[in-house]
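The model shown is predicted, which means the values in this text are computed figures rather than measured ones. Proteins get letters first, then strands, A, B, ... in listed order; numbering begins at 1 in each.
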Protein chains: 2
Amino acid sequence: MATRETRDNVEARMREAELRLTPQRFAVLEYLTRASGHPTADQIAAEINRRFPRASRATVYNALKALRDAGLVREVATEEALTRYESNVEPHHHFVCRSCGKMEDVPTGALPAPARVEIGGGREVEKVEVTLRGLCGACKGKG
Amino acid sequence: MATRETRDNVEARMREAELRLTPQRFAVLEYLTRASGHPTADQIAAEINRRFPRASRATVYNALKALRDAGLVREVATEEALTRYESNVEPHHHFVCRSCGKMEDVPTGALPAPARVEIGGGREVEKVEVTLRGLCGACKGKG
DNA sequence: ATCCCATTTTAGACTTAATCTAAACGCCGA
DNA sequence: TCGGCGTTTAGATTAAGTCTAAAATGGGAT
């Protein structure tokens, strides 16, 4: 259940971001604020549809896009999707250019990421993925 | 062009992994060995189809799966796919359980990942994503 | 309070990555 | 060489996400 405080806070954040306060958009942010996990767009759509049975997929994606652009929510990619392959199986990191999409290898030595990681919580870390994002040399030159 | 050395090396790696040496599978690994980038399954399929016009998508995916299971190729997820959302926009890392798929936040302080990164090559790093993968406490308990 | 209109929502078709299926094929050990 | 079983094939299917055009509406202007 959304508390009064949560509702007011969500509303304030949306006003501050100069986002039009539609009920659907509001519901998306309100749900994400109290959701403990990292819901997928589908899970969010299911929740929104409980209150707005006619809400379409596009509405949810539109809302998420607007909230993301406003810096109110964050997107996190998971591995269950478009995949790239390489035969270099030695440990290394990746740099992905946000302009041209090119992916480049980055030697492990370039970053102080540890081989063994202990984060507690009874979890067993098997591997660490580090992805750097930004502009590659070529795209940076083009302005 | 594949050199004789490359072909022999690819063949040896497949034999060592006890993988049946089909021409299509061979071509996939051979292509990945000389490909400098990080091709997608589609790009790999296009290349394979130049030599095997009747090769189907499933063949490419089967080959990649077999090579991945044998440790000869690595899969790298990119951001262009299934996305999860959260309203926590403060910097932090993620732990993803390979058994139940649950994603959990990991405080930045738990890892020595730097806020600013310099990797050279004229590239401008705008953000660093760190994803830890393994077994969560609950799944570890279930054996 | 009402009007207006740019923004947003809606329904559903469309795109694309990846998986599944069942039948035909072919690698490789005996 | 032969035969079994793993692999390939063609095409249907699933699923995430995008697109479109028409209808609805938030919120500033009057």
**Item:** Close side-chain approach of B:D105 and A:H38, heavy atoms under 4.5 Å
**Value:** yes

**Item:** A:R13 side chain near A:L19 side chain, heavy-atom distance below 4.5 Å
**Value:** no

Roughly how many Å is it from [atom1] in [X] to [atom2] in [N], rounded to a whole number?
{"X": "A:L64", "N": "C:dT8", "atom1": "CG", "atom2": "P", "answer": "14 Å"}
{"X": "A:Y61", "N": "D:dG17", "atom1": "OH", "atom2": "P", "answer": "4 Å"}
{"X": "A:K65", "N": "D:dA16", "atom1": "NZ", "atom2": "C1'", "answer": "17 Å"}
{"X": "B:N62", "N": "D:dT7", "atom1": "CG", "atom2": "P", "answer": "8 Å"}
{"X": "A:R51", "N": "C:dT9", "atom1": "CZ", "atom2": "P", "answer": "14 Å"}
{"X": "A:E11", "N": "D:dG27", "atom1": "CD", "atom2": "C1'", "answer": "13 Å"}
{"X": "B:N49", "N": "D:dA10", "atom1": "CG", "atom2": "P", "answer": "9 Å"}
{"X": "B:F26", "N": "D:dT7", "atom1": "CZ", "atom2": "P", "answer": "17 Å"}

**Request:** Please figure out whether A:P53 or A:A66 has its closest DNA chain C nucleotide nearer the 5' end.
**Result:** A:A66

**Message:** Please evaluate residues B:E47 and B:R50 with respect to the criterion salt bridge (charged side-chain N to carboxylate O under 4.0 Å, His left out), reporting the C-alpha separation (whole Å), side-chain torsions for both, the decisive distance (0.1 Å), and the verdict.
**Reply:** CA-CA 5 Å; B:E47 178 70 19; B:R50 290 175 50 192; 3.2 Å; yes

**Fill in**
With the side chain defined as heavy atoms from C-beta on, B:Q24 is closest, among D:dT9, C:dA17, C:dT9, to D:dT9

**Request:** Select one nucleotide: of D:dT9, D:dA16, C:dT10, the one nearest the side-chain heavy atoms of B:S56.
**Result:** D:dT9

**Prompt:** Counting N and O atoms only, with roles assigned by atom type, does the side chain of B:R123 sit under 3.5 Å from a partner on the main chain of A:G134, one being a donor and the other an acceptor?
**Reply:** no

**Prompt:** Can you tell me if A:Q43 uses its side chain to pair, donor with acceptor, with the backbone of A:T40 under 3.5 Å?
**Reply:** yes

**Prompt:** Any link between A:L135 and B:V125 through a network of hydrophobic side chains (Ile, Leu, Val, Met, Phe, Trp, Tyr) touching at under 4.5 Å?
**Reply:** no

**Message:** Which residue in the set A:T59, A:I44, A:D69 passes side chain to side chain contact (heavy atoms under 4.5 Å, CB included) when paired with A:L64?
**Reply:** A:I44

**Message:** Counting the atoms with a prime plus P, OP1 and OP2 as sugar-phosphate, which does A:A55 contact under 4.0 Å by heavy atoms, base, sugar-phosphate, or nothing?
**Reply:** sugar-phosphate

**Asked** Can you give one letter per nucleotide of nucleotides 19-26 of chain D, going 5' to 3': B for a protein heavy atom under 4.0 Å from the base, S for sugar-phosphate only, - for none?
**Response** B-----BB

**Complete:** Whichever of B:R54 and B:L19 has the more 5' nearest nucleotide on DNA chain D, that residue is B:L19

